[in-house]
There are 2 protein chains.
Amino acid sequence: MKQTLHKIGDLAEALNLSSDTLRYYEKQGLLTAAKRSSNGYRFYSEAEIGRLEFILSAKKVGFTLNEIKQLLALEVTKDEKSCADVKSFVDDKLDDVNIRLLELERIKKSLLSLSAACCGGPEPATHCTILEALAGTEVSSKSGSSA
Amino acid sequence: MKQTLHKIGDLAEALNLSSDTLRYYEKQGLLTAAKRSSNGYRFYSEAEIGRLEFILSAKKVGFTLNEIKQLLALEVTKDEKSCADVKSFVDDKLDDVNIRLLELERIKKSLLSLSAACCGGPEPATHCTILEALAGTEVSSKSGSSA
DNA sequence: ATAAACCTTAGAGTTAGCTCCAAGGTCAAG
DNA sequence: CTTGACCTTGGAGCTAACTCTAAGGTTTAT
């Protein structure tokens, strides 16, 4: 089955960004069109959509375009040497992702407690600000052992 | 017990950013020193450290300084009206945080599968790139129903 | 008492990530 | 066969978030 190809404007509209941004990503080496038609128009296939979704996801959680480019460039090969390199890079990124997950969970908890404290209940404003809410969700982490 | 107060340079070093950045955050209304000494030096207390940690966490997971400022400005009051406003704002942010959590989990899974595929095993390179790894972790979400 | 290591301000410069503009080619509809 | 909505390129402009520079005050150590 032949892949459906999308023009830049359609892809842009579908994923809610501008054609300019797509051309910018191409210039930055993040996303190249699957092909160009004879008149020079860019055409994107499903593979590019997947790639673009990944780019947007990663951007949303705070990765820079450069980091995303590195992630997309990763290739696990049979070559032992490059494999070890890739693994250590991936493991570093995993640490990073895990930290972000923890940060997000903390923020989520404080937002939840804020949302719950708000209105509705008879006991209004237990935690009045996000920082108080955050302190309320804190288990007890008092240490600064990482530089 | 009297709070320990920290000079700008000490705080900067402790949280691994520059004094310039701290002054910048002050100018942006994100973080004001607890007090100024007679010579104009800024002094920060534990409360400011907590606030700064929140700022850095939120920044790390992709919030802008402006969004962070709004989050820090939130106050649940007894006033019904403002309370509803706050709640809807907080709930929006919660949606946002939940999306980020999902994105991060997806990325984490693909990194894990990439790390596992790499070296070590007898079956090398099952998923060679992050996108293939990502596709491998996909349950089956084929729909574009939002916009 | 003077040098090193801090701190202050105001403002200029930098980088990332777009975003817009000008000048022009393409194509479907009427 | 032209009008309007697309697409192309190159390059200028913009905003966020720093980062640096200049000119100067303070504090501590010798």
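Letters A, B, ... are given to chains in the order of the sequence lines, protein chains preceding strands, and every chain is numbered from 1. All heavy atoms count here, side chains included; hydrogens, waters and symmetry mates do not.
Partners of A:Arg51 by salt bridge (charged side-chain N to carboxylate O under 4.0 Å, His left out), not counting sequence neighbours: none found. Scanning for side-chain hydrogen bond (donor to acceptor under 3.5 Å, both in side chains) contacts around B:Ser88 gives an empty result, with sequence neighbours left out. Partners of A:Lys7 under the salt bridge (charged side-chain N to carboxylate O under 4.0 Å, His left out) rule, at least two apart in sequence or in another chain, do not exist in this structure. Every residue meeting the side-chain hydrogen bond (donor to acceptor under 3.5 Å, both in side chains) condition with A:Glu26, not counting sequence neighbours, appears here in chain and number order: A:Arg36, A:Arg42. Taking the side-chain hydrogen bond (donor to acceptor under 3.5 Å, both in side chains) definition, one finds that A:Asn39 meets it with A:Ser37, sequence neighbours left out. Every residue two or more places apart in sequence or in another chain was checked for a side-chain hydrogen bond (donor to acceptor under 3.5 Å, both in side chains) with A:Asn66, and none qualifies. Taking A:Lys108 as the reference, A:Glu105, A:Leu112, B:Leu94, B:Val97, B:Asn98, B:Leu101 meet the side-chain contact (heavy atoms from CB on, under 4.5 Å) condition, with sequence neighbours excluded. Every residue meeting the side-chain contact (heavy atoms from CB on, under 4.5 Å) condition with B:Ser45, not counting sequence neighbours, appears here in chain and number order: B:Gln3, B:Leu5, B:Ala34, B:Ala47, B:Glu48.
The cationic group of B:Arg100 lies under 6.0 Å from the six-membered ring centre of B:Phe63 and within 45° of the ring axis, placing it in a cation-pi geometry.
Closest of all the heavy-atom pairs between A:Gly50 and B:Leu131 is O-CD2, 4.2 Å.
The stretch residues 54-63 of chain B has no heavy atom under 4.0 angstrom from DNA chain C at all. Residues from residues 20-32 of chain B lying near DNA chain D, meaning a heavy-atom separation below 4.0 Å, are B:Asp20, B:Thr21, B:Tyr24, B:Tyr25 in numerical order.
Taking 4.0 Å as the cutoff to heavy atoms of chain B, we find the contact window on DNA chain D bounded by D:dA17 to D:dT27.
One interatomic measurement links the two molecules: CG of B:Leu11 to P of C:dC7, which rounds to 10 Å at whole-angstrom precision. A:Asn16 has its CG atom 11 Å from the P atom of C:dT19, to the nearest Å. Between B:His6 atom NE2 and C:dC7 atom P the separation is 13 Å, expressed in whole Å.
Taking only side-chain nitrogens and oxygens, B:Asn39 never comes nearer than 4.0 Å to OP1 or OP2 of C:dT8.
Heavy-atom nearest nucleotides on DNA chain C were determined for A:Ser38 and for A:Thr64, and the one closer to the 5' end corresponds to A:Thr64.
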Between the protein and nucleotides 2-6 of chain C, list the N/O to N/O atom pairs that are separated by less than 3.5 angstrom.
unit_1: C:dC6; atom_1: O2; unit_2: B:Tyr41; atom_2: OH; d: 3.4

- Run the side-chain contact (heavy atoms from CB on, under 4.5 Å) check on A:Val61 and B:Ile107 step by step: do they pass? CA-CA 10 Å; A:Val61 297; B:Ile107 293 173; 4.1 Å; yes

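With respect to the salt-bridge test (charged N to carboxylate O, under 4.0 angstrom), the residues A:Lys60 and B:Asp96 qualify.
With B:Ser57 contributing its side chain and B:Glu53 its backbone, the two residues share a donor-acceptor pair below 3.5 Å.
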